[in-house]
Number of protein chains: 2
Amino acid sequence: MGRVFGRTKGDAFVAHEAQKAIARQSLLLKSLPDQHVETLLSHAIWRQYDRGETIFVQEESAQAVHVVLAGWVKLFRMSPTGAEAVVSVFTRGESFGEAVALRNVPYPVSAEAVSACEIMHIPSPVLISLMKTDPEIGISILASTFTHLHSLVSQLEQLKAQTGAQRVAEFLLNLCDCDEGACEVELPYDKMLIAGRLGMKPESLSRAFSRLKAVGVKINRNHAEISNIPQLRDYADSDPADNWGR
Amino acid sequence: MGRVFGRTKGDAFVAHEAQKAIARQSLLLKSLPDQHVETLLSHAIWRQYDRGETIFVQEESAQAVHVVLAGWVKLFRMSPTGAEAVVSVFTRGESFGEAVALRNVPYPVSAEAVSACEIMHIPSPVLISLMKTDPEIGISILASTFTHLHSLVSQLEQLKAQTGAQRVAEFLLNLCDCDEGACEVELPYDKMLIAGRLGMKPESLSRAFSRLKAVGVKINRNHAEISNIPQLRDYADSDPADNWGR
DNA sequence: GGCGTCGCTTGACTATTGTCATGTTCCCGG
DNA sequence: CCGGGAACATGACAATAGTCAAGCGACGCC
């Protein structure tokens, strides 16, 4: 199998139109003029990764921006003691590594495929040279970066101000399309990862799910039923200090 | 007093050279060509704020990038229940609001002066027009933004992987100049804010300080003595699960 | 088709943190 | 110099989350 760079980091493939279409719809590219998009697509490196494969590791220096076309990718940090902190989880149409790629600094996190993945890598020199011809590209990159910044801020707020069960409730609510009545959703990746993403242990996640039964949530394998969305939202935003019935 | 825009948001003042010098050394400006720096300085709005004064609030739309010249500023989020989550605390030479200013989107956080402050505001139109002439500006802004991103990632890791006392230990270590032997530092702002910044209640911070006595830390008012920096670092990075002597 | 691994759940126990109440000290304004 | 209030410390208690251990069940591999 053709290993690019001779490293065991993903197998190269040739992009089909369907894959390019996904890339075009990504937050990073969708607001750029077509001409630039085509340039970027034609210089991109396309790879697929198996579940568990490493995409890059902390401290490695950044050479590309990554756009997920299919599958799920987690960004995480290892603390000196070996504890893993999941920083974010990305899927189809999302991109990461923007701010790092342009500065040639080391990644602050590691990235790993948590399911089979297809990823498009845009080499940073391509991006930089294009940016010199059109500052609009810079704005686009800033937009993506800001989205990440925003999501990190939200996570911080949640960790600091909510209990585990409440964070799980918000997680479920984000999965729902509708915003009232009942809803059924599939959990997008396994519970161990969900636990990590929400800053808790798998055991605590299990218990959080049990607790949510009281506010009309039923979990079966990776399938979740929410009987009353507003009720769940109330729970998620309620003050843990108030003695909520229970 | 001359309220700019007729709002009660800071008093305008005319910048002295000393203040401009601080601005020039800020991460945001220091790598830019002199010519651009002068343009930005000459278009900047200079204001001072009293302790407790609001600089901007969440949801307000961003119109400028902010550079702290003196004093301390906190960025925080209010959860629906009224709990406050401190996202970051900035001081002399640091800037915030870069990513938001360029997109004209609402701030995800509120900003408040926690001590008397002097702040330089660079209106975003000035920045944007300059960016169109020189994409290097975009890179500079991305650099600042990346620094914030990185610090948020570190905070997330700490919150997810360390106990309160360990976070306090890291906080103290960041305050030290030296990296071995003993050290004395002043706590830069009051303990309530430190507690917020580290994601805990003031009571927990008090207890964390007591605990740190066991690893050679003495706190007296806002003065801290660390008798052995490597020992403290070991403590901060040790695994809470291991039964560390105690 | 059996079997082992791994993800997941549950229970018992411990540790950490938040909450509430109380008391001290310090700072600021009369 | 004397209150009054805010910041801070401390104790008792409750709630929450982590740890350890055991057990279940699905999936893949031989």
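Just so we're on the same page: letters track the sequence lines, and every chain starts at 1. These values consider heavy atoms only, across backbone and side chains, with no hydrogens, waters or symmetry-generated copies.
Look at CG on A:N220: it is 13 Å from C1' on C:dT9, rounded to the nearest Å. In this structure, CG of B:L212 is placed 12 Å from P of D:dA9, rounded to the nearest angstrom. When rounded to the nearest whole Å, the span between CG of A:N222 and C1' of C:dG7 equals 12 Å. One can place CG of B:L159 at 14 Å from C1' of D:dA17, the figure rounded to the nearest angstrom. For the pair B:H223 NE2 and C:dT25 P, the computed distance is 21 Å after rounding to whole Å. Atom-to-atom, NZ of B:K201 to C1' of C:dT19 comes out at 10 Å; the value is rounded to the nearest Å. D:dT16 atom P lies 16 Å from atom CG of A:L205, rounded to whole Å. Nucleotide C:dC28 holds its P atom 10 Å from the CZ atom of B:R51, rounded to whole Å.
At a non-hydrogen distance threshold of 4.0 Å, A:D190, A:K191, A:M192 from residues 183-193 of chain A come into contact with DNA chain C.
In this structure B:K160 satisfies the salt bridge (Lys or Arg N to Asp or Glu O under 4.0 Å) test with no other residue, sequence neighbours excluded. By the side-chain hydrogen bond (donor to acceptor under 3.5 Å, both in side chains) test, B:T145 is found to be paired with no residue, residues two or more places apart in sequence or in another chain being considered. Every residue two or more places apart in sequence or in another chain was checked for a side-chain hydrogen bond (donor to acceptor under 3.5 Å, both in side chains) with A:H150, and none qualifies. Residues passing the ring pair (Phe, Tyr, Trp, His ring centres under 6.0 Å) test with A:F171, sequence neighbours excluded: none. With sequence neighbours left out, the side-chain hydrogen bond (donor to acceptor under 3.5 Å, both in side chains) criterion links B:E170 to B:Q158. Judged as a ring pair (Phe, Tyr, Trp, His ring centres under 6.0 Å), and not counting sequence neighbours, the contacts of A:H66 are A:F56, A:F96, A:H121. For A:E118, the side-chain hydrogen bond (donor to acceptor under 3.5 Å, both in side chains) criterion is met by A:Q19, not counting sequence neighbours.
Using cut-offs of 30° and 60° for the angle between ring planes, the B:F90 and B:H148 rings count as tilted.
Residue pairs meeting the side-chain hydrogen bond (donor to acceptor under 3.5 Å, both in side chains) criterion with at least one partner in residues 173-183 of chain A, sequence neighbours excluded, do not occur; the list is empty.
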Kindly give the atom pairs (protein nitrogen or oxygen, nucleotide nitrogen or oxygen) under 3.5 Å for nucleotides 23-30 of chain D.
none

Can you pull every protein N or O that's under 3.5 Å from an N or O on nucleotides 10-12 of chain C?
from, atom 1, to, atom 2, distance (Å)
C:dG11, N7, A:R207, NH2, 2.7
C:dG11, O6, A:R207, NH2, 2.9
C:dA12, N6, A:R207, NH2, 3.2

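If you find the closest nucleotide of DNA chain C to A:K160 and to A:F209, the one lying nearer the 5' end belongs to A:F209.
A distance of 7.0 Å separates CG in A:L212 from CD1 in A:I219, rounded to the nearest 0.5 Å. Atom CZ of A:F76 and atom OG of A:S110 lie 4.5 Å apart (nearest 0.5 Å).
Heavy-atom neighbours of B:M192 CE from other residues, nucleotides or ligands within 6.0 Å: at or below the threshold of 12.
Where the helix from C:dG1-D:dC30 to C:dG30-D:dC1 starts and where it ends, the local axes point in directions that differ by 40°; five pairs per end, rounded to 10°.
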Go through the steps to decide whether A:R92 and A:I22 satisfy the test side-chain contact (heavy atoms from CB on, under 4.5 Å), and finish with yes or no.
-> CA-CA 7 Å; A:R92 165 189 291 223; A:I22 296 169; 3.7 Å; yes
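The salt bridge (charged side-chain N to carboxylate O under 4.0 Å, His left out) test with B:E84 singles out one residue from B:R197, B:K201, B:K74, and that residue is B:K74.
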